[in-house]
Every structure is written in C-alpha cells, then in structure tokens.
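Here is the structure we will look at.
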Amino acid sequence: MGALAALNPFFWKYRGRLALGFLFVFLTNAFAVFAPVVIGEGVNVLQDAYTRFLAPINQGSDPMEVFANARLEAPPTLSALGEWLGWSPATENISSKDELIRFVGLIAGLQALLYMLAYLMKGIFSFMTRQTIIVMSRLIEYDLKEAIYDQYQRLPMAFYKQNATGDLMNRISEDVSKVRMYLGPAVMYGLTLVTMMFLTIGVMLRIDATLTLWSLAPLPFMSWGVYKVSARIHARSDAVQSQQSLLSAQVQQFFSGIRILAAHRREQRAFERFQGAADEYKFRTLDLVKVDAMFMPIIVMLVGLSTILTIYVGGLRVFSGDLQLGHIFQFVFYVNLLTWPFASVGWVTSLVQKASASQQRINAFLDVEPAIANTAPDSHDVEGSIAFRKVGLTYPDSGIRALEDISFELEAGQTLAIIGRTGSGKTTLAQLVARLQDPTDGTVEIDGIPLQDLHLPSLRGGIGYVPQDVFLFSDTIANNIAFGVDGATMAEIEQAARDADVHDDIAGFPDGYQTLLGERGVNLSGGQKQRISIARAILRKPHILIFDDCLSAVDTETEAVILGNLRRIMEGRTAILVSHRVSTVRAADLILVLDEGRIVEQGQHEALIERDGMYAELNRKQQPVVD
Ligand SMILES: Nc1ncnc2c1ncn2[C@@H]1O[C@H](COP(=O)(O)OP(=O)(O)OP(=O)(O)O)[C@@H](O)[C@H]1O
Ligand SMILES: [Mg+2]
C-alpha cells in the first residue's frame, strides 16, 4: 500500500478533476438511491387504494360513503413536487370506482416518469464521472510513462546489460496499466462503494432497521467470495500472460533466426518446442476459465439469498402491520443496487494490491540513480586532446578485468589507433573516451579536464562514435544518416555518404536515399551498414571521431578510400581507430597495441616494426602472400 503514496502528487496535480469526480459520484449515487423510493411509493399508493377503497366497495359498501370517509393522496415525492407547482392531487372529488382507477393510473404514470427521470440523471452523472476520474487516470498514466521513459534515457549501459529487455518493456506497459487500474477504476468504484453504501443503508435504516439487517446479512459473504475468486483469477491470468509472452518471444526468435534455423535443419525441433509452449498456454487458459466460471454464480447465489430473505422477513413485517408492501419492493431494488458495490469491495481490493506491487517496481526503477550523471553546470567546447592516467576497469557484473594501467597522451587533432586481439579491451577503452562508462581506477581527461568534471552533454555532443555493432533504425537511409543532427540538408547527407564511400551504393537503390531499411525494407550488406553508420557519425562533424572496428566488413580498397576522406574531413580533429588490421592503423600518430587489457607496445608504425614485437608479427601475418 505504501508504494502507492508515490502517486499522491499526481492526484494533487489533477485535484480539480478529482474533486469534480467526487461530486459526480455522489450525484450519480443519489439518483440511483432515489429511483427505488419512487417505485416503493407507487406500490404503496396501489396498496392503499386497494385496502381502503376497492376492497370495501367490492364487499358491498356504498362507494359514496367510502370516498367521503377516507382520502387518498399522491405519494410524498410527487406531492412535494406538485406543491411546488401549485397542484395537489388527492381523491377529494372522486365518487366512483372508475374515477379511482383513473386517479391511481395517473399517479402510477407520473411515478414512472419520475423514475425514468431519476435514471436519466444518474446516467448523465455517471458519464461525467467517467469523464473526470477515468480521464484523470489516463493523464496520470501519461505522466508516469513519460517519467519512466525519461529514466530509461538517463540509465547507464550497465543497467541494460543487467535487465532483460522484456522486463524493461513491462515496466512501461504492464506495470503502468495496473497502476492505472488503481488510479481510475479502483478510485471510481471505491468512491461509488462508500457513497452508495452510506446513502442506501441510510435510507433502508430509516424505513426498517430489522429488515435492513436481514437483507444485508449475506452481502459481506459475497464480498469475501469475490475477493477470493478474483485473487485466484489474477494469479491464473498472470500465469496465462507470462506463458503468452514466452510464446511470442519464442516466435519472434524463430522469425529472426529463420535463416539459421533452415541452415541447421532445425525446423522440426523448433516446431516441437513451439507446440509444447502452446500446449502449456492452453492448459493455463483452461485453468483460468474454471475459476472465472465461479465468479457470477457466487454473486447470483448470494444476491438471490438476500432477495428471498428480504421478501420473507419483509412479508412478515407487512402482515404484522409494521411495514407497507412498497417498502419490500424498494428493499429488493436496494439489494440489487448494493450487489455491485459489495462485489467490488473484493475486486477493488485485489486491484489495489496489484497496483501496489506494480508501483513498488516502478518506484524502485525510478529510484535507480544513474552512475554516470552530469555534475558540471557549464557547457564546454571539446577541442580534442585526450589523456589516460593509470586507467583500469573491472566490469562489475562479470568481475572481468578489462583494462589495466593504461596511460597515454594524445594531442588535439592527432589520430590514435588501437590494435589487438579479440577480447583485449579495445572497445572498452573507446567507450571510456565517450564516457559510456566510468573507469574503476585512474582518470580519463579530455582537454585536460577529468571526464567526471566535464559537462556531459557537451562531451557526447563533441564525439562521433561508430560502435562495433552497427545499429540502423527501421527508417529511410536519409533519416538513418541524419539521425544525430537536427535539420540536416539533403546536400549534407549526400556529402557524408560520399565521404563514407557509400553514396554510389545508395544511388543504386530504386528509392535512393528514401529507401526503407529494416523489417519491411531492404537488407544491406554488412559493409554497406558499416558505411552508413560511418556517414551518420561524419555528418555530425565531431571534434573526436571514434571508429570501433567499423571497417572490418569493407575490403582494403574501400578502406583506403574512406581513410583518405577521413584525413581530409578530420583535419585538425581527433580520431580514434580501433581495428584488427595493420592496414587501418599504420598511418596513425600513435598506435597502442593491447593485449589482455594492457598496453604491450606503443608508438608509430615504423618504430613498432623495428621493435619486432607483437605488432611486427601481426604485420607479417597480414601481408598478402607474394610468390
Ligand atoms: N559489458 C561487459 N560486461 C562484462 N564484461 C565485458 C563487457 N564488455 C566486455 N567485457 C569483457 O571485457 C573484455 C574486453 O572486451 P572488449 O569488448 O573491450 O574487447 P575488444 O578488444 O573490443 O574485443 P573485439 O576485438 O572482439 O571487439 C572481454 O574479456 C570481455 O569479455
Ligand atoms: Mg570490440
């Protein structure tokens, strides 16, 4: 329950709507409680007309005498309304049976009209309740989703490694929608419940306290039963839900891995696994349907019991003269009216419990403090000199020591190359420069400022980072290239594509730059993807450009073209090239050779060749064989 307190500021934000909602709930219920009063009064008039006039006349009394001695008036509500309109219907001038029947008919008709009017008003206010409270819940849902999305963007990479994507998606979809059930329906029905009970039971007690007790006795059992059943329904529908997500995750895996599946001839196995999961889904759904089926019978049975008790006990009280017939009718209506509020006690309780659990998860998520946060107030124009001072990094989740004692300095405008075996720490080092993570030892400085003290948006804005695993959005090629820049012109986009040596490829597609990529678009070759991703970084004209092994899928000739273009574009700017290939790194101002997280050699190409160490060895192996 405590977790839901986090939502109070939102209620406060929309307090106007909430207050109106309160008012409308009250009015809705007031009219709902009033309608049976009209019915009861109508029946009472009929009963009076019969016992006081018709029965004696039928038994042979003189009608003139009967009418002279007694007077029949319109029921209280109608009389009150009539008085207000200057009209008071009564049996004053009635002298025959036919006239009496006409009089009673008129009263009944007017009562029916009043009844309809009451229901019309109830309907209108019930609509207004939804317009205020349910709309409020949607607005809060929106705010909450925005807060969560904001937090997604603040969280560090490590967070995404530790949490499954599906889980993260659930936070914003399922958890929020459960919380919304509390904000909207639970609040609305909770209010309805309270006002309806007070109003109805108040009216009932004023008529007959004993009968009230008997009529209401079975209803708490209904609340309890509904609570038990809905708790089970929730548990089982959760089981169905989770199996369903498993099923769709599996199907998605099959779809995206369809080529691997076919290549390894695993279609049959995949089908069997799918069948197993689908069977489980079926069983769980049947389980759910079984408890679901108990829901209505419980309600109907206990309401039926209430109704029977009302008629039986009420009948006894009418015989003893304590009560009028119309009151029994009125009570039966009230028992039915109270069905939903009493049933919803259980339902609302389980809604609130669910919402509370979800909100607890949301709160925990929103409370995660991003490890990498901006602390510097002033923006900074990145120039591009880089220094590593005794930098070390241990990945917290795996405990892997990825970097150890890394120190080097690079002036602005120079090119740094990092070469080394797979798993030697190249990507990790490159990520430290963009502050995608923080080192566990030592400091990284840019322009002589430790990264922790550098304005983070300025840093990221000044760096063009081409990651090792290319990611392109399901969008046009032009939009993919222009991703990092607002309002890039077509000419700029084309120039970036030319510099990345991918313009000719793009021009060859039927839709050119407007070609759609991704699921419903064309598939690009690995090298084309890499070059589009390079064009995206180049377009931003960054002060520091980082290429993480992003020339691996292009041939050496294309590589040479791109590197040549880079030299022109990156004139006076800093570049970091990560690669396995000597051909990529040979022209760099500083080459770092990494092995198991340490710098084993550093210097320029010639010096390293002369040293005849690891670099020279790599160089020899990568020479084209000439014989
Ligand atoms: N997010 C991570 N969490 C835990 N360990 C990691 C993570 N990323 C990398 N590592 C580990 O850190 C070490 C260095 O990895 P890194 O990705 O920096 O190597 P690399 O030199 O870029 O390799 P490659 O040439 O294959 O890209 C590896 O042992 C790797 O398993
Ligand atoms: Mg790497």
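Counting starts at 1 for both ligands and their atoms, in listed order.
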(message) Check Asp438 with Arg435, please: is the shortest side-chain N to carboxylate O separation under 4.0 Å?
(response) yes

(message) Can you confirm whether more than 12 heavy atoms, excluding those of Asp555, are under 6.0 Å from its CG atom?
(response) yes

(message) Please enumerate all residues that pass ring pair (Phe, Tyr, Trp, His ring centres under 6.0 Å) together with Phe365, with sequence neighbours excluded.
(response) Tyr152, Phe159

(message) Could you tell me, atom by atom, which parts of ligand 1 come under 4.0 Å of a heavy atom of Gln468?
(response) 24 (P), 27 (O)

(request) Please find out if less than 6.0 Å separates the ring center of Phe483 from that of Phe473. (result) yes

(message) Closer than 4.0 Å to some heavy atom of Ser398 - which atoms of ligand 1 meet that?
(response) 4 (C), 5 (N)

(message) Contact between ligand 1 and Gly420 is defined here as a heavy atom of the residue under 4.0 Å from a ligand atom; is it met?
(response) no

(message) Short of 2.8 Å from the Mg ion (ligand 2), name each protein N/O/S atom, waters not counted.
(response) Thr427 OG1, Gln468 OE1

(request) Have a look at ligand 1 and work out which part of Thr427, if any, has a heavy atom under 4.0 Å from it: side chain, backbone, both or neither. (result) both

(message) Just to verify, which of Leu590, Asp589, Leu545 counts as forming a side-chain contact (heavy atoms from CB on, under 4.5 Å) with Thr415?
(response) Asp589

(message) Which option wins on minimum heavy-atom distance to atom 16 (P) of ligand 1: Asp548, Thr428, Leu594?
(response) Thr428

(message) For ligand 1, which is the ligand I care about here, please tell me if Asp549 has any N or O atom under 3.5 Å from one of the ligand's N or O atoms.
(response) no

(request) Output the list of atoms in ligand 1 that are nearer than 4.0 Å to some heavy atom of Ala402, sorted by atom number. (result) 12 (O), 13 (C)

